[in-house]
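Numbering of ligands and ligand atoms starts at 1, following listing order. Counting from 1, the numbers follow the sequence of the chain as shown.
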Amino acid sequence: MSKKPIYILAIESSCDDTSAAILKNNTVLSNVVANQEIHQKYGGVVPELASRAHQQNIVPVVQQALEQANIDKTELNAIAFTRGPGLMGSLLVGTSFATSFAMALNIPLIDVNHMQGHILAHFIKQRNANKITPSFPFICLTISGGHTQLIKVSSYFEFEILGETIDDAAGEAFDKSAKTLGLAYPGGPLMDKFAKNGNPKKYPFPIPKTKNDLDFSFSGFKTAVMRFVQKNTAENPNFISENLADICASIQNGIVTILMKKIFKAVKQTGITQIAIAGGVSANSEIRKRLKQTEKDFGWQTFIPPFEYTTDNAAMIGITAYLKFIHNKTNTTNTLATARLKVNE
Ligand code: KG4
Ligand code: ZN
């Protein structure tokens, strides 16, 4: 006789996306994401506005997730939520909603670390049943708007930080460079789009050095982009519009080269050749292409998440909760929203 399936409602509200997902075991039945467009005109996320928008979105987003999954709330076995890291006001909306909902339904509450969610999204069962998931240990480069980390993943619950950014995150390097070019927030996806028609070698940018070989630094890169744009627009006010594709391709090439160099160093240090990427920047077409190429060139095994699980989403929170649930790791009493939380906490 087959075991009864486990239905989990997961809620993600750590930054500027309100998301709810329903999982049946490791399969995603629905994954609804409400993006907050309000931040675009400010060139970055405004925390106060983000928490207000979460308040407005949370009920309709959860309702939609239940409808799309075609299940009733009484069928749920557990509720999962992002405990941190993230913006406190944003986290509080998801945490409070999840806690109350679990209490009302009298079912377990599962707290999830957002960064673990990005990584464990690789274990969501894909429609293509032949898709292989990483085996342990593997290395994951987590690249998002707030984080850039190289992590050795030894089990679903063991994460060792091999290196991380000492200043800006890779997503910030994309977004701030894009802002310098007058592009809307978040600039990463736009940079990717314009780069497609450009020459990545036209404008070389410096590759920063760090004391620890596996750490990252992007603040020097960002300043170099700013100076480069200032200098060239002083000489030609139309410099950006006349060369947008080449500038974007060159910036993207610079950031991706920094990321790939660190991956190579991590492989050399650890001997591990199973490499995954995760987080919003893993949606970038150039890093996806270059990582995939290592399979042919060096025989590595690489794991690139489907687009819908790269940027913030509740499905990744759901899969993490499911793995905790089936491995009896849910007896936590810590349900407080926590703005600063390391990947291994
Ligand atoms: O994981 P995420 O949705 O939120 C955080 O937890 O930070 O990541 C958002 C980041 C933003 O910086 C955004 O510009 C970047 O991911 N991003 C991209 C692309 N799509 C999203 N960066 C480069 N190329 C993309 N295609
Ligand atoms: Zn994220």
request  = Determine, for Asp175 against Lys179, whether the closest basic-nitrogen to carboxylate-oxygen distance falls under 4.0 angstrom.
outcome  = no
inquiry  = If I apply the N/O under 3.5 Å rule, does Thr311 come out as touching ligand 1?
reply    = no
task = State the atoms of ligand 1, each with its element, that fall below the 4.0 Å cut-off from a heavy-atom position in Gly171.
result = 12 (O)
query = At a 4.0 Å threshold, what atoms of ligand 1 neighbour a non-hydrogen atom of Gly146?
reply = 7 (O)
message = Would Asp312 count as being in polar contact with ligand 1, using the rule that some N or O on each side must be under 3.5 angstrom apart?
response = yes
task = State the NZ-OH distance between Lys324 and Tyr156, to the nearest 0.5 angstrom.
result = 15.0 Å
request  = Measure from the Zn ion (ligand 2) to each N, O or S atom of His147 and report whether any distance is below 2.8 Å.
outcome  = no
task = May I ask you to identify the nearest protein heavy atom to atom 13 (C) of ligand 1, giving residue, atom name and distance to one decimal place in Å?
result = Asp175 OD1, 3.8 Å
ask   = Are Leu92 and Val62 connected, step by step, through hydrophobic side chains (Ile, Leu, Val, Met, Phe, Trp, Tyr) whose heavy atoms are closer than 4.5 Å?
value = no
task = Decide whether the shortest distance between a heavy atom of Pro189 and an atom of ligand 1 is less than 4.0 Å.
result = yes
remark   = ligand 1 to Ala283, heavy atom cutoff 4.0 Å, flagged ligand atoms 20 (N), 26 (N)
message = Surrounding NZ of Lys196 (heavy atoms of other residues, nucleotides or ligands, distance under 6.0 Å), is the total greater than 12?
response = yes
remark   = Atoms of ligand 1 under 4.0 Å from any heavy atom of Gly188, numbered from 1 in the order shown, are 14 (O), 18 (C), 19 (C), 22 (N), 23 (C), 24 (N), 25 (C)
task = Please state whether the separation between the Zn ion (ligand 2) and some N/O/S atom of His114 is under 2.8 Å?
result = yes
inquiry  = With clusters defined by side-chain heavy atoms of hydrophobic residues (ILVMFWY) lying less than 4.5 Å apart, directly or transitively, does Val229 cluster with Leu190?
reply    = yes
message = Side-chain heavy atoms nearer than 4.5 Å, only ILVMFWY residues, links allowed to pass through others: does that put Phe303 and Met115 together?
response = no
Between His122 and Thr133: side-chain donor-acceptor atoms closer than 3.5 Å = no
query = For ligand 1, which atoms, with element, lie under 4.0 Å from some heavy atom of Asp192?
reply = 24 (N), 25 (C), 26 (N)
request  = Pull out every atom of ligand 1 sitting under 4.0 Å from any heavy atom of Ser144, numbered as shown with elements.
outcome  = 1 (O), 5 (C), 6 (O), 7 (O), 8 (O)
ask   = Between Tyr203 and Phe239, how do the two ring planes meet: parallel, tilted or perpendicular, split at 30° and 60°?
value = perpendicular
request  = Take atom CZ of Arg52 as the centre, draw a 6.0 Å sphere, and report whether it contains more than 12 heavy atoms from other residues, nucleotides or ligands.
outcome  = no
inquiry  = Is it true that Glu160 and Ser154 share a donor-acceptor pair across their side chains at a distance under 3.5 Å?
reply    = no
task = Note the single closest protein heavy atom to atom 17 (N) of ligand 1, along with its residue, its atom name and the distance in Å.
result = Gly280 O, 3.5 Å
message = What I want to know is whether Pro186 and ligand 1 share at least one N or O pair that is separated by under 3.5 angstrom.
response = no
query = So, does His118 sit close enough to ligand 1 that a heavy atom of it is under 4.0 Å from the ligand?
reply = yes
task = To the nearest 0.5 Å, tell me how far Cys140 SG sits from Ile272 CD1.
result = 12.0 Å
task = For Gln126 and Pro306, work out which heavy atoms get closest and say how close.
result = OE1-CG, 3.4 Å
inquiry  = Please report whether ligand 1 has a polar contact with Ser285, defined as an N or O pair separated by less than 3.5 Å (distance criterion only).
reply    = no
query = Can you tell which of Val33, Asn284, Val45 gets a heavy atom nearest to atom 25 (C) of ligand 1?
reply = Asn284
Ligand 1 atoms in contact with Gly145 (distance to a heavy atom under 4.0 Å) = 5 (C), 7 (O), 8 (O), 9 (C), 10 (C), 12 (O)
message = For N/O/S atoms only: which one belongs to Asp312 and is nearest the Zn ion (ligand 2)?
response = OD1
Within-shell test, His114 vs ligand 1, heavy atom, strictly < 4.0 Å = yes
